[in-house]
2 protein chains.
Amino acid sequence: MSSVDTEISSMSTPISLISQERSLKISAKTDYAVRAACELAGAEPAKPIKAETLAQLQAIPANFLENILSALRNSGIVRSQRGAVGGYFLARPAETISLADIIRAVDGPLAAVRGEAPEDQNYSGAASKVADIWVAVRASLRVVLEETTLADLVAQKLPKHVQALIDSPDAWSRR
Amino acid sequence: MSSVDTEISSMSTPISLISQERSLKISAKTDYAVRAACELAGAEPAKPIKAETLAQLQAIPANFLENILSALRNSGIVRSQRGAVGGYFLARPAETISLADIIRAVDGPLAAVRGEAPEDQNYSGAASKVADIWVAVRASLRVVLEETTLADLVAQKLPKHVQALIDSPDAWSRR
DNA sequence: ATAAATTCTACCGATTTAGTTGGGAATGAG
DNA sequence: CTCATTCCCAACTAAATCGGTAGAATTTAT
């Protein structure tokens with residue numbers, strides 16, 4: 001066949017698009033949830049802020065944010081007040097809300113392997129230590145996310161070991 | 001507030017289903033890639049193993065595995081040999097291949113926030129420190145994934161700080 | 001009671017995930 | 001040479017998730 005086809009080598013590669021794979025990624029939902037929660041933590045304790053206001057403050061699509069706030073409410077992280085002067089506010093002090101709490105509320109357990117916890121997988125042969133690695137990954141995420149609270153974030157005072165990670169030389173290298 | 005409303009507790013709650021969200025999750029692709037690479041690392045250096053055999057050894061869907069091996073080959077992690085006695089083998093010594101290399105080959109950069117690097121986001125207001133947190137998350141992932149090699153995994157000798165994470169009391173708590 | 005404000009629920013399209021299918025192209029054995 | 005074996009590669013698919021919208025339901029102020 002052939003004949004003319006080619007030129008292919010040069011490659012058209014329209015590369016339709018930006019690949020966008022996801023494994024160990026941070027979803028928009030998680031990012032939005034943390035940002036909205038920061039705004040709530042930065043405001044007066046029991047004064048409700050309406051969803052629309054949060055959306056504007058953080059440039060989050062308003063209707064999507066409502067889904068997120070709903071998940072946070074179901075997990076007991078925020079509470080809501082309906083009616084004319086309603087809105088959302090934190091359900092407990094910002095010092096007691098970790099980032100891990102927020103992420104789990106909107107996106108489920110950390111470091112799940114194909115929907116299940118790492119310790120529920122079973123690996124054989126040369127790969128038998130792989131479960132340990134996923135457990136280590138989860139533990140290292142927890143070191144950051146379980147210890148950092150909303151209060152830390154808005155006060156711009158992160159826990160020492162978290163700050164140390166950020167200050168480490170290659171933390172900002174893009175790779 | 002109310003009074004009667006309740007009953008809510010009982011609530012139909014169809015609970016649509018097991019949620020299965022994904023943020024900071026480990027994809028099937030990543031898991032399969034690491035397991036297949038372990039088998040290659042556990043075998044003799046330049047003796048090719050065919051995809052079908054790898055698939056059986058690790059119970060990975062064979063055709064899907066070919067996609068994954070193709071990605072690993074494009075990233076220079078494995079090499080392949082066609083023909084009757086062909087198959088796949090590691091392109092370089094197992095000591096020089098980190099888990100981060102493998103994950104990036106099949107699923108792109110670690111800890112991307114909505115498709116972009118954390119340092120490319122810009123945050124305002126009460127959330128201005130959020131970028132730092134995502135950088136810390138990425139750095140903590142790297143601590144585990146950049147230092148652990150395929151050789152470590154098959155030898156069942158993980159780096160000290162990784163083993164320390166695994167041995168820490170709450171690493172295995174399910175949460 | 002009623003209107004205004006806001007939450008809440010159900011839906012929707014596009015992308016991604018996790019695969020499958022099938023054809024072609026090297027390679028080595030006989 | 002020829003043919004079986006194996007990789008290679010592109011397209012296709014079903015189901016789930018992502019990101020987002022629309023409208024009904026609820027609460028509060030007046």
Side-chain angles (χ1 to χ4, degrees), chain A residues 1-2 5 8-9 11-23 25-33 48-55 59-74 78-89 106-108 112-115, chain B residues 1-5 8 11-23 25-33 48-55 60-74 78-89 106-108 112-115:
Chain A
M1 17 218 101
S2 70
D5 53 81
I8 306 187
S9 37
M11 261 315 129
S12 45
T13 26
I15 305 234
S16 24
L17 343 120
I18 316 111
S19 30
Q20 280 291 63
E21 300 99 345
R22 61 194 46 232
S23 188
K25 302 285 186 287
I26 290 141
S27 69
K29 214 158 151 185
T30 285
D31 189 52
Y32 291 159
I49 302 181
K50 60 179 182 172
E52 178 62 31
T53 305
L54 287 172
I60 299 170
N63 312 47
F64 191 33
L65 178 58
E66 299 214 349
N67 297 343
I68 294 167
L69 288 168
S70 182
L72 291 175
R73 192 181 50 81
N74 289 333
V78 306
R79 292 176 58 194
S80 60
Q81 168 87 15
R82 290 187 173 185
V85 293
Y88 292 89
F89 54 97
V106 300
D107 269 340
V113 182
R114 300 161 67 242
Chain B
M1 39 235 57
S2 71
S3 54
V4 207
D5 54 80
I8 307 189
M11 249 327 103
S12 49
T13 25
I15 303 227
S16 25
L17 312 154
I18 315 115
S19 23
Q20 278 294 62
E21 301 97 345
R22 62 192 45 236
S23 187
K25 301 287 187 288
I26 290 142
S27 69
K29 214 158 150 184
T30 285
D31 188 53
Y32 292 160
I49 301 180
K50 59 179 183 173
E52 180 61 32
T53 305
L54 287 173
I60 299 170
N63 311 42
F64 191 34
L65 179 58
E66 298 216 352
N67 298 345
I68 293 167
L69 288 168
S70 182
L72 292 176
R73 193 179 48 80
N74 289 333
V78 306
R79 291 176 60 194
S80 59
Q81 167 87 14
R82 288 184 175 185
V85 294
Y88 292 88
F89 53 97
V106 300
D107 269 338
V113 183
R114 299 161 72 242

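A, B, ... follow the sequence lines: proteins, then strands. Residue 1 opens every chain.
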Does D:dC8 have its OP1 or OP2 closer than 4.0 Å to a side-chain nitrogen or oxygen of B:R73? yes
May I ask you to verify if any side-chain N or O of B:S80 is less than 4.0 angstrom from the OP1 or OP2 atom of D:dC8? yes
Please answer whether the main-chain N or O of A:S27 pairs with a side-chain N or O of A:D31 as donor and acceptor at a distance below 3.5 Å. no
Is there a donor-acceptor contact under 3.5 Å from the side chain of B:K25 to the main chain of A:D107? yes
What does nucleotides 19-24 of chain D look like as a protein-contact string, B for base, S for sugar-phosphate only, - for none, at under 4.0 angstrom between heavy atoms? BBBB--
Sequence-distant partners of [X], side-chain contact (heavy atoms from CB on, under 4.5 Å), two or more places apart:
X	value
A:A71	A:V106
A:R79	A:F89, A:A91
A:S80	A:R73, A:Y88
A:A84	none

Protein-nucleotides 25-28 of chain C N/O pairs under 3.5 Å:
from, atom 1, to, atom 2, distance (Å)
C:dA26, O4', B:R82, NH1, 2.6
C:dG28, OP1, B:Q81, NE2, 3.1

Using the test side chain to side chain donor-acceptor pair (under 3.5 Å), find all partners of B:Y32 that sit at least two apart in sequence or belong to another chain. A:R114
Heavy-atom distance under 4.5 Å between the side chains of B:L65 and B:L54, does that happen here? yes
